[in-house]
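The block underneath contains the structure these notes are about, expressed in structure tokens.
Below, chain A is the first sequence line, B the second, and so on; all start at residue 1. Scope of the values below: all heavy atoms of this structure, side chains included, with no hydrogens, waters or symmetry mates.
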2 protein chains.
Amino acid sequence: MSGAEDAELDTVLGKAVAILRAFGADDRLLPLAELVRRTGLPKGTVHRVAGDLVHHRLLDKTEHGYRLAGGLFELGMRAATERTLLEVAMPFLQDLYERTHETVHLGLREGTEVVYVAKIGGHRQARSPSRTGGRMPMHCTAIGKALLAHAEPDVRAAALSGPLPRRTPHTVVAPGLLEQQLDRVRATGLAYEREESTVGLLCVAAPVLDVGTGAVLAALSVTGPVGRFRPEVHENAVRATAAAIAGMLTRRPGAVSAPPS
Amino acid sequence: MSGAEDAELDTVLGKAVAILRAFGADDRLLPLAELVRRTGLPKGTVHRVAGDLVHHRLLDKTEHGYRLAGGLFELGMRAATERTLLEVAMPFLQDLYERTHETVHLGLREGTEVVYVAKIGGHRQARSPSRTGGRMPMHCTAIGKALLAHAEPDVRAAALSGPLPRRTPHTVVAPGLLEQQLDRVRATGLAYEREESTVGLLCVAAPVLDVGTGAVLAALSVTGPVGRFRPEVHENAVRATAAAIAGMLTRRPGAVSAPPS
DNA sequence: CGACAGCGTACCGGTGAGTGGAACGCGGGC
DNA sequence: GCCCGCGTTCCACTCACCGGTACGCTGTCG
């Protein structure tokens, strides 16, 4: 949106990726003209490349426009890190959900943001903006803080030095204050969010740390609405789940984090 | 694997897709040489294209080879049909799992196979070969039969006329017999699998039918091991869950099926 | 220890795949 | 009936892509 948007458009691959990435998290169907607008590519080019993408089952063409196709879903589910994490963690997240009956998240760091790998919730789940495969800033989410607190120093520095957009009146936008919170996270093994990303939502999160090296692999959280939801109640459950997943992960080969971007 | 494998390799995009698709469901890390072998592309070319893919965050490069990157996961989770289905169905699948504590699947038809969109299971889940984002033949799975029974005639004909590989001694490989089973599926609203894809596994499935048109949108199943698991016990739960999801889907715009391939 | 085989990387001149401007037909809205 | 925006098609230019060749490295044989 606001950042540097310029995936090289002078190569076929760049154009193809640009078209695929033109789909935002909430877009289902985009007409050709909209793709032209978003990518800045000439109409003829978009038409041709999109056609090729349809051919390769990465896009579907409908009467009213294009949409991301099932082939992408299949490929995406093969992504190494995410898949391993999902397969290992799911049963534990499942247990956690069953015990709490509140929305459960699993996320990892990608560049300077959180990417959610799983979201488990029931019918009455709190109105949260997160989606599986979606992104959120780190400074205003419990999972983000858990990841950030245990991230390598350069990553933490990079994230703290960037802008910390205010998403609600409660968002912590002062780097110093945030750093204090991160200290507490390291000390207690738990991170909190109190209406910092979305008004009306509370979260507790715990990091999943590599048993050997202590590096953060991921983080998970329980989320609920202000009012009935008391984060403190779930502290132990969250911590235990994270520990259990960490234990399982060490018994598997490679689940790593990403380059600093 | 065995089928026609020749995504056009005379275009950059084709090569890129070929490289991405070279990753099988069980591959984490593939060295350059292996990609060369699987794609049949010249070494220099694979090196270059893979490099570009890394640049676009569709591949990660590690010391020991390439692997599918997080960017793909993010894109995949935006795929329209799958995402809608997931978001709508998840809470219901959740309930179903909680009631049964057996492995729950949600799948849809893609071409002439089943693609699993969700798989929910606990620690003691039956050793099933299915994976989220993975494929299975339709003739030997409960979900597949549920989808096939309600598929459009041409699709059904295409699937039945193709080879019906025998996966276990119990696999139904006679088109006539299979067709009889499909009749029963339509009559009862339930499909069964009894060790037809994997020895030791039983399944009940129900189709999710569009309330208006009656078209199949997806199907879901409960799976368990021979012995303790009695599929009949879950008939009502499975049917009710499918109906509930169907009801929810009609209150949303577009969740459709795919072209016949 | 030298020879060798397999791998990843780097280079570079030729060429055809890809390019995108221009033009067309269609619908539907003022 | 006019116009605007959309999707589609066409085609001659050209530059991005190609892939053969060559290099350096790391094992592992004989």
Side-chain angles (χ1 to χ4, degrees), chain A residues 5-24 27-69 71 80 253-254 256 258-259, chain B residues 5-24 27-69 71 80 253-254 256 258-259:
Chain A
E5 274 301 341
D6 57 345
E8 282 113 65
L9 297 170
D10 51 351
T11 150
V12 215
L13 213 67
K15 292 176 228 236
V17 172
I19 291 177
L20 294 178
R21 295 237 162 92
F23 287 81
D27 304 311
R28 321 239 123 195
L29 210 61
L30 295 182
L32 181 61
E34 184 59 23
L35 289 175
V36 170
R37 239 167 274 130
R38 297 193 185 190
T39 58
L41 290 167
K43 191 164 38 163
T45 303
V46 173
H47 182 62
R48 180 170 38 81
V49 177
D52 293 347
L53 288 171
V54 169
H55 190 86
H56 291 292
R57 294 199 24 253
L58 301 185
L59 281 184
D60 279 339
K61 182 171 194 170
T62 77
E63 209 179 347
H64 303 292
Y66 297 91
R67 72 181 166 205
L68 299 180
V256 245
Chain B
E5 273 302 338
D6 58 343
E8 281 113 66
L9 298 170
D10 52 351
T11 151
V12 214
L13 214 68
K15 292 177 227 238
V17 172
I19 290 177
L20 294 178
R21 295 237 162 92
F23 287 80
D27 303 310
R28 320 237 125 195
L29 209 61
L30 295 182
L32 181 60
E34 183 60 23
L35 290 175
V36 169
R37 238 168 275 131
R38 297 193 185 191
T39 58
L41 291 167
K43 189 163 41 162
T45 303
V46 174
H47 183 62
R48 179 172 39 84
V49 177
D52 293 346
L53 288 171
V54 169
H55 191 87
H56 291 291
R57 293 199 25 250
L58 301 185
L59 281 184
D60 279 338
K61 183 170 193 168
T62 76
E63 210 180 346
H64 303 291
Y66 297 90
R67 72 179 167 208
L68 299 179
V256 247

Notebook entry, point to check: Between the side chain of Thr45(A) and the main-chain N/O of Leu41(A), is any donor-acceptor distance below 3.5 Å?
Noted result: no
Check: How many Å lie between NE2 on His55(A) and P on dG18(C), as a whole number?
Finding: 12 Å
Margin query: Both Asp10(A) and Gly44(A) contact DNA chain D. Taking the nearest nucleotide for each, which residue is further toward the 5' end?
Written below: Gly44(A)
Check: If only atom types and distance count, is the side chain of Arg67(B) paired as donor or acceptor with the main-chain N or O of Ala80(A) below 3.5 Å?
Finding: no
Margin query: dT19(C), OP1 or OP2 - any side-chain N/O from Lys15(A) closer than 4.0 Å?
Written below: yes
Next item on the list: Just do the salt bridge (Lys or Arg N to Asp or Glu O under 4.0 Å) check on Asp52(B) and Lys15(B) with the steps written out, would you?
Entry: CA-CA 11 Å; Asp52(B) 293 346; Lys15(B) 292 177 227 238; over 6 Å; no
Next item on the list: Look at the side-chain N and O atoms of His47(B) and state whether any lies under 4.0 Å from the OP1 or OP2 oxygen of dT9(C).
Entry: yes
Notebook entry, point to check: What is the base-pairing partner of dT28(D), counting Watson-Crick and G-U wobble geometry with both distances under 3.5 Å?
Noted result: dA3(C)
Next item on the list: Taking only the side-chain nitrogens and oxygens of Lys43(A), find out if one of them lies under 4.0 Å from OP1 or OP2 of dC24(C).
Entry: no
Checklist line | Interatomic distance where CG belongs to Asp52(A) and C1' belongs to dA17(C) [whole Å] | finding: 11 Å
Notebook entry, point to check: Distance check: side-chain N/O of Arg48(B) vs OP1/OP2 of dC18(D), anything under 4.0 Å?
Noted result: yes
Margin query: Students often get this wrong, so: under 4.0 angstrom with heavy atoms, is Thr45(A) touching a base, only sugar-phosphate, or nothing?
Written below: base
Checklist line | Heavy-atom check, side chain of Arg57(B) versus side chain of Arg21(A), under 4.5 Å | finding: yes
Check: Roughly how many Å is it from CG in Leu13(A) to P in dG18(C), rounded to a whole number?
Finding: 11 Å
Next item on the list: Establish, from distance only, whether the side-chain atoms of Glu8(A) and His56(B) form a donor-acceptor pair under 3.5 Å.
Entry: no
Item checked: Among dC6(D), dT8(D), dT9(C), the nucleotide that comes nearest once only the side chain of Arg37(A) is considered -> dC6(D)
Item checked: Nearest-Å distance for atom pair CG/C1', residues Leu30(B) and dG8(C) -> 15 Å
Notebook entry, point to check: Could you give the CG-to-P distance, from Leu32(B) to dG19(D), as a whole number of Å?
Noted result: 14 Å
Item checked: Of Pro42(B) and Glu34(A), the one whose closest DNA chain D nucleotide lies more 5' -> Glu34(A)
Check: Whole-Å distance between dG6(C) P and Leu35(B) CG?
Finding: 18 Å
Next item on the list: Select from Ala33(B) and Val12(A) the residue whose nearest nucleotide in DNA chain C is closer to the 5' end of that strand.
Entry: Ala33(B)
Margin query: What is the distance, to the nearest angstrom, from the CG atom on Leu29(A) to the C1' atom on dG7(D)?
Written below: 14 Å
Check: Once you round it to whole Å, what is the distance between C1' of dG19(D) and CD1 of Ile19(B)?
Finding: 13 Å
